[in-house]
Amino acid sequence: MINLHKVVKAAIGGVNPHEPITLYRSTGKSAVKGKITPTFEPFEMTAQVQGVPAQDLKLNEKLASATHRIKVYLDAPADCIDRFNATTGDIIKRPDGSYWLVVQVGEDFRGAGWECVYAIMQTGTPAGIPEVTS
């Protein structure tokens, strides 16, 4: 399968530059003295971050009530919240220090090496992610 995203990545980046992000992949949960905390593994990469167009909001009930939302194109798979399987979503950290919870997969082309996800902004550092201070 040809990776069309890889083909157009440079052209898209000329209009909207890619940014370095940290993708915190959900690896499960830990329980210490009865307190359950999600666990994550960080991966450094670049991503194409865009605002969410209005037509996407009409089709996306999970994002309709979210004030701060983005659409992110990744060259790696990301998982969203899955209440049925009791898993947390992956977390994206942007260069400005903001954290974004992946809530839905918009386009799943993992077989071709890319994926588009929707994420909503978090109000602070999510549990399970060590806060790094300079």
Side-chain angles (χ1 to χ4, degrees):
M1 180 180 276
I2 194 165
N3 185 343
L4 293 177
H5 180 66
K6 191 173 187 178
V7 172
V8 299
K9 187 175 181 177
I12 294 169
V15 176
N16 183 21
H18 290 74
E19 62 181 64
I21 65 159
T22 303
L23 175 65
Y24 289 93
R25 296 281 327 229
S26 178
T27 58
K29 302 173 199 83
S30 68
V32 178
K33 295 183 180 179
K35 182 178 179 185
I36 297 173
T37 305
T39 56
F40 298 94
E41 184 178 352
F43 294 93
E44 303 292 327
M45 64 182 67
T46 60
Q48 177 64 225
V49 179
Q50 301 175 2
V52 178
Q55 66 266 25
D56 285 6
L57 291 177
K58 290 178 188 174
L59 300 172
N60 191 327
E61 63 187 52
K62 292 181 183 177
L63 290 177
S65 62
T67 305
H68 300 296
R69 52 205 171 262
I70 56 174
K71 188 175 188 179
V72 183
Y73 290 87
L74 300 166
D75 292 327
D79 294 318
C80 58
I81 277 182
D82 186 344
R83 301 219 186 275
F84 180 76
N85 292 316
T87 58
T88 61
D90 291 348
I91 302 286
I92 295 169
K93 183 178 181 184
R94 296 183 67 189
D96 64 3
S98 61
Y99 290 94
W100 299 79
L101 174 64
V102 175
V103 293
Q104 187 170 2
V105 174
E107 299 174 63
D108 188 352
F109 286 91
R110 292 177 190 211
W114 68 276
E115 189 172 56
C116 173
V117 298
Y118 294 97
I120 56 174
M121 188 176 196
Q122 304 300 286
T123 57
T125 303
I129 294 180
E131 201 162 351
V132 178
T133 55
S134 303

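Computed from a predicted structure; not experimentally measured.
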Report task. Would you indicate whether the side-chain heavy atoms of D79 and V102 approach each other to under 4.5 Å? Result -> no
**Report entry** Donor-acceptor contact present, side-chain D90 to main-chain S26, <3.5 Å
**Finding:** yes
Query raised in the report: What are the two closest non-hydrogen atoms of F40 and Y24, and how far apart are they?
Result: CD2-O, 3.6 Å
Query raised in the report: Taking the side chain from E115 and the backbone from A78, do they hold a donor-acceptor pair closer than 3.5 Å?
Result: yes
Report task. Say whether, by atom type as modelled, one donor and one acceptor occur between the side chain of D108 and the main chain of R110 under 3.5 angstrom. Result -> yes
Query raised in the report: Any side-chain heavy-atom pair from E107 and Y73 closer than 4.5 angstrom?
Result: yes
**Report entry** P77 backbone acceptor or donor facing R25 side chain under 3.5 Å
**Finding:** yes
Query - Non-hydrogen atoms of K71 and G51 that approach each other most closely - result: CB-O, 4.1 Å
Report summary line: dist E41:CD -> L23:CG (nearest 0.5 Å) comes out at 10.0 Å
Requested in this report: With the side chain counted from C-beta on, respond yes when I21 and T46 share a heavy-atom pair under 4.5 Å apart, and no when they do not.
Outcome: no
Report summary line: P126 and Y99 have their tightest heavy-atom pair at CD-CG, 3.5 Å
Requested in this report: Tell me, with the steps shown, if D75 and M45 meet side chain to side chain contact (heavy atoms under 4.5 Å, CB included).
Outcome: CA-CA 8 Å; D75 292 327; M45 64 182 67; 5.9 Å; no
Report summary line: Heavy-atom nearest pair, T39 first then K29, reads OG1-N, 3.7 Å
Query raised in the report: Would you say the side chain of K93 lies within less than 4.5 Å of the side chain of I129, judging by non-hydrogen atoms?
Result: no
Report summary line: CD of E19 to CG of D96, rounded to nearest 0.5 Å, is 7.5 Å
Query raised in the report: Within the distance-only criterion (no hydrogens, no angle test), does the side chain of Q122 pair as donor or acceptor with the backbone N or O of I120 below 3.5 angstrom?
Result: yes
Requested in this report: Just jot down the side chain to side chain contact (heavy atoms under 4.5 Å, CB included) partners of T37, sequence neighbours excluded, or say none.
Outcome: S30, K35, A127
